[in-house]
Every structure is written in structure tokens, then in C-alpha cells.
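Beneath this line is the structure, given in C-alpha cells, with notes to follow.
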Amino acid sequence: MPELPEVETIARELQAVLPGRGVRRVRIFRKDALQGVPVARFQKGLEGRRFQAVRRRGKYLLFHLKPEAWLVAHLRMTGKFALTPRPDAPPLHHRVWFELDDGAVLAFQDLRCLGTLELAGAPEAVPGVAAMGVEPLEPGFTRDWLAQALSRSRAPLKHWLMHQGHIAGLGNIYVAEILFGAGLSPLRAAATVTREEAARLHQAVRRVLMRAIAKNGTTISDYRRVDDKTGDFQNFLRVYGRAGQPCHTCRTPIQRVVQQQRSTFYCPTCQR
DNA sequence: AGTGTATCCTGCAGGC
DNA sequence: TGCCTGCAGGATACAC
């Protein structure tokens with residue numbers, strides 16, 4: 001579910017409220033997210049520690065605690081974090097509670113149970129984090145780097161952009177919006193992109209992500225912010241989910257095709 | 001290196 | 001109303 005802008009929104013909101021607060025007790029109502037790590041080890045690794053900071057890497061949430069420990073979370077499709085007064089009983093889909101020393105609860109909820117929570121000595125100790133590619137909103141993401149990297153791959157642009165080892169944090173929705181912004185077809189082989197087109201793509205990646213973050217992400221079904229509010233970027237989508245509706249630019253009906261068993265939306269006229 | 005498939009899990013919409 | 005199928009914003013492992 002959440003892609004970079006959604007995870008960034010959640011990280012910022014948690015960073016505003018968590019640092020300084022301690023974990024008194026960890027309660028696990030369903031242990032799928034722990035991926036086989038024994039419940040007791042997970043609890044011991046967190047209880048008595050204090051949150052220092054919350055950051056994002058790709059679609060991962062990184063919680064830094066002291067004494068030194070990292071809680072590394074991936075929300076996958078339907079995971080979310082909520083900070084709430086302690087409920088009497090865990091509501092449906094609450095999987096893990098981090099009970100804080102001031103009585104509040106940081107609740108990890110996950111309808112589909114695909115999200116993961118890992119305990120690590122450092123973020124890079126989590127293989128998925130170590131494999132992340134360049135952060136698209138940081139200085140290392142340049143036009144030249146993008147043009148070079150694209151030239152080495154025959155994969156369709158959509159597939160290339162979705163790959164977390166290339167650019168960290170892009171998913172189905174934002175790849176669709178980015179390719180529309182760049183005027184490039186998701187079906188194009190990466191290596192056929194010219195330097196000029198790569199420059200447009202580079203700009204679209206940054207512009208779409210920054211706008212989506214400014215709108216606190218896209219809520220289509222499950223995504224919610226820490227305070228349960230929705231994002232707003234769904235009101236600004238140009239192609240995602242708009243199959244059959246006219247392109248905002250040229251009125252051509254937006255096409256839906258399936259790539260890698262995922263829906264791809266694009267304008268066959270504006271995107272070449 | 002690339003593609004295609006299956007898998008984890010639950011809920012919902014649409015067709016019949 | 002109820003059953004069945006396919007689909008959902010993610011990522012990985014596997015075969016070819």
C-alpha cells in the first residue's frame with residue numbers, strides 16, 4: 001500500500017511525537033509480522049528502550065532507540081501505525097502494541113498481515129534495507145546517474161522504476177504518475193530512453209514525489225496517517241485508476257494494461 | 001539479466 | 001442472499 005510519500009508522511013508524524021518516549025511493554029496479538037523471530041526476543045529487544053528518532057529509507061520505517069536498537073518496519077499493502085490512548089482490548093487488525101511509559105499505545109495494525117517488523121543493530125543489517133537503491137529526493141539522484149542506469153537495462157520502464165534496488169520507494173501508483181509527467185510509455189525499454197527523456201523523467205520523479213508528500217500521500221483504500229486522517233494526493237492523480245476516463249491533457253481515454261500482473265495506467269497519446 | 005509464476009494474507013466488489 | 005472469482009498500493013523466491 002504505502003509508497004515513499006506515504007511512508008515519509010508517517011515517519012514525519014511519528015518523529016514529531018515519539019522521540020523521548022519509552023517502551024514499557026510490547027504486546028503481540030498476532031506474530032506474522034515478526035517473521036519467525038521469537039516473541040520473547042522481540043519484546044526483550046524493545047522493552048525498556050526509548051525512541052530517539054524515526055526516519056524513512058525507501059518504503060521502510062526506521063525507529064532508532066536507545067540503548068542502541070533499531071525497529072525496522074515495512075507496511076507492505078495494509079500496514080499502519082497509530083498513536084492512541086490505550087484501548088481496553090485490541091481492535092480488529094491490531095497486531096502489535098508498543099505500550100509507552102506515558103500510557104499511550106503505538107499500535108501496529110495490518111489487515112492483510114503482510115507487513116514486517118524487524119529488530120536490528122543497524123538498519124543496514126536488514127537485507128531489504130541494504131538492497132535499497134538511491135533515494136530519489138536526495139542529491140545522489142541525478143539526471144546523469146539516471147540516464148546511465150537506464151541505458152544498462154532492457155526492462156520496461158515501469159518494471160525498472162518499480163525495482164527498489166534502482167530507485168528506493170517507488171510503487172505502482174507513483175510510477176504511473178511519474179511516467180505520465182515525463183510523457184514516457186511504461187512499456188518502453190529502459191535503454192531506449194534518450195538523455196533528454198531521462199532528464200524529463202528525473203524531473204518528474206522529484207516533482208511527483210514532492211507534490212505527493214506535500215499532500216500527505218494518496219489514500220485509495222487503506223492508507224491512513226498516524227492520526228487516522230487520509231492523504232489528499234488521490235485528488236490529483238492524472239492516470240492511476242482512471243481507465244477509460246479522458247486524459248486531462250488530450251482527452252484520449254486512459255488505458256489500463258497489465259504488466260508483471262499489476263495494473264498499469266497510461267495515456268497512449270501523451271506517453272511515448 | 002530478464003520474464004513469468006506462485007506465495008504470503010484478508011477483504012471487497014462484481015458477476016451470476 | 002449467497003457463492004465464486006478476481007483484484008488490491010509490496011516484495012521475494014523460484015524456474016526458465
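Per chain, numbering begins at 1; letters A, B, ... match sequence-line order.
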### Task
For Arg95(A), answer base if it contacts any base atom (sugar-phosphate contacts may also be present), sugar-phosphate if it contacts only those atoms, and nothing otherwise; contact means non-hydrogen atoms under 4.0 Å.
nothing

### Query
At under 4.0 Å between heavy atoms, what does Pro156(A) touch on the DNA or RNA strands: base, sugar-phosphate, or nothing?
sugar-phosphate

### Task
Check the pair Asp228(A) / Thr84(A) against side chain to side chain contact (heavy atoms under 4.5 Å, CB included), numbers first and verdict last.
CA-CA 10 Å; Asp228(A) 209 41; Thr84(A) 66; over 6 Å; no

### Message
Whether Arg112(A) contacts dA8(C) is assessed here as follows: a side-chain N or O lying under 4.0 Å from the phosphate OP1 or OP2. Is that the case?
### Response
no

### Query
Does the distance from a Lys or Arg side-chain N to an Asp or Glu carboxylate O, for Arg24(A) and Asp102(A), drop under 4.0 Å?
no

### Query
Looking for any heavy atom pair under 4.0 Å, which part of the strands does Gln164(A) touch: base, sugar-phosphate only, or nothing?
sugar-phosphate

### Query
Of Leu146(A), Leu4(A), Leu161(A), which is the lone residue that meets side-chain contact (heavy atoms from CB on, under 4.5 Å) with Pro136(A)?
Leu4(A)

#### Entry: Distance test, side-chain N/O of His93(A) to OP1/OP2 of dT10(B), below 4.0 Å
no

### Query
Is the phosphate of dA8(C), meaning OP1 or OP2, less than 4.0 Å from a side-chain N or O of Ser263(A)?
yes

### Message
Looking at Lys66(A) and Glu68(A), is there a salt bridge between them, counting it only when a charged N and a carboxylate O are closer than 4.0 Å?
### Response
yes

### Query
For dG2(B), does OP1 or OP2 lie under 4.0 Å from any side-chain N or O of Ser153(A)?
yes

### Task
Would you kindly give the CD-to-C1' distance between Gln259(A) and dG4(B), to the nearest whole Å?
13 Å

### Query
Which base, if any, makes a Watson-Crick or G-U wobble pair with dG10(C), both distances under 3.5 Å?
dC8(B)

### Query
Could you give the CE-to-P distance, from Met162(A) to dA8(C), as a whole number of Å?
11 Å

### Message
In terms of relative ring orientation, are Phe98(A) and Phe81(A) parallel, tilted or perpendicular, with 30° and 60° separating the classes?
### Response
tilted

### Task
For dA6(B) versus dT5(C), give the span between their P atoms, rounded off to a whole number of Å.
16 Å

### Query
Roughly, in whole Å, what's the span from CG in Leu34(A) to C1' in dC8(B)?
15 Å

### Query
When all nucleic acid strands are considered with a 4.0 Å heavy-atom cut-off, which category describes Tyr174(A): base, sugar-phosphate, or nothing?
nothing

### Query
Pick the nucleotide of DNA chain B nearest each of Gln260(A) and Arg30(A); which residue has the one closer to the 5' end?
Gln260(A)

### Message
Without decimals, in angstroms, what is the distance between Lys80(A) NZ and dG11(B) P?
### Response
12 Å

### Task
Rounded off to whole Å, could you give me the CG-to-P distance for the Leu111(A) and dC12(B) pair?
7 Å

### Message
Tell me the interatomic distance from Gln261(A), atom CD, to dC8(B), atom P, rounded to whole angstroms.
### Response
14 Å

### Query
Can you check the Trp160(A) CH2 to dA1(B) C1' distance for me, whole Å?
14 Å

### Message
Pair Phe236(A), Arg211(A) - check side chain to side chain contact (heavy atoms under 4.5 Å, CB included), show working.
### Response
CA-CA 9 Å; Phe236(A) 300 89; Arg211(A) 285 181 178 169; over 6 Å; no

### Query
Once you round it to whole Å, what is the distance between C1' of dA11(C) and CG of Leu114(A)?
9 Å

### Query
What nucleic acid atoms does Thr218(A) come within less than 4.0 Å of, heavy atoms only: base, sugar-phosphate, or nothing?
base

### Message
Can you tell me if Arg256(A) touches the phosphate of dA8(C), counting only side-chain N or O atoms and a distance under 4.0 Å to OP1 or OP2?
### Response
yes

### Task
Please figure out whether Thr219(A) or Tyr60(A) has its closest DNA chain C nucleotide nearer the 5' end.
Thr219(A)

### Query
When rounded to the nearest Å, what value does the distance between C1' atoms of dT1(C) and dT10(B) take?
22 Å

### Message
Can you work out whether Phe265(A) or His74(A) has the more 5'-proximal nearest nucleotide on DNA chain C?
### Response
Phe265(A)

### Task
Write down the distance separating the C1' atoms in dA8(C) and dT3(B), rounded off to the nearest Å.
22 Å

#### Entry: Nearest heavy-atom neighbours spanning Arg76(A) and Thr116(A)
NH2-CG2, 4.5 Å

### Query
Which whole number of Å gives the distance between the P atom of dG6(C) and that of dT5(B)?
14 Å

### Query
Is the distance from OP1 or OP2 of dG2(B) to the nearest side-chain N or O of His159(A) less than 4.0 Å?
no

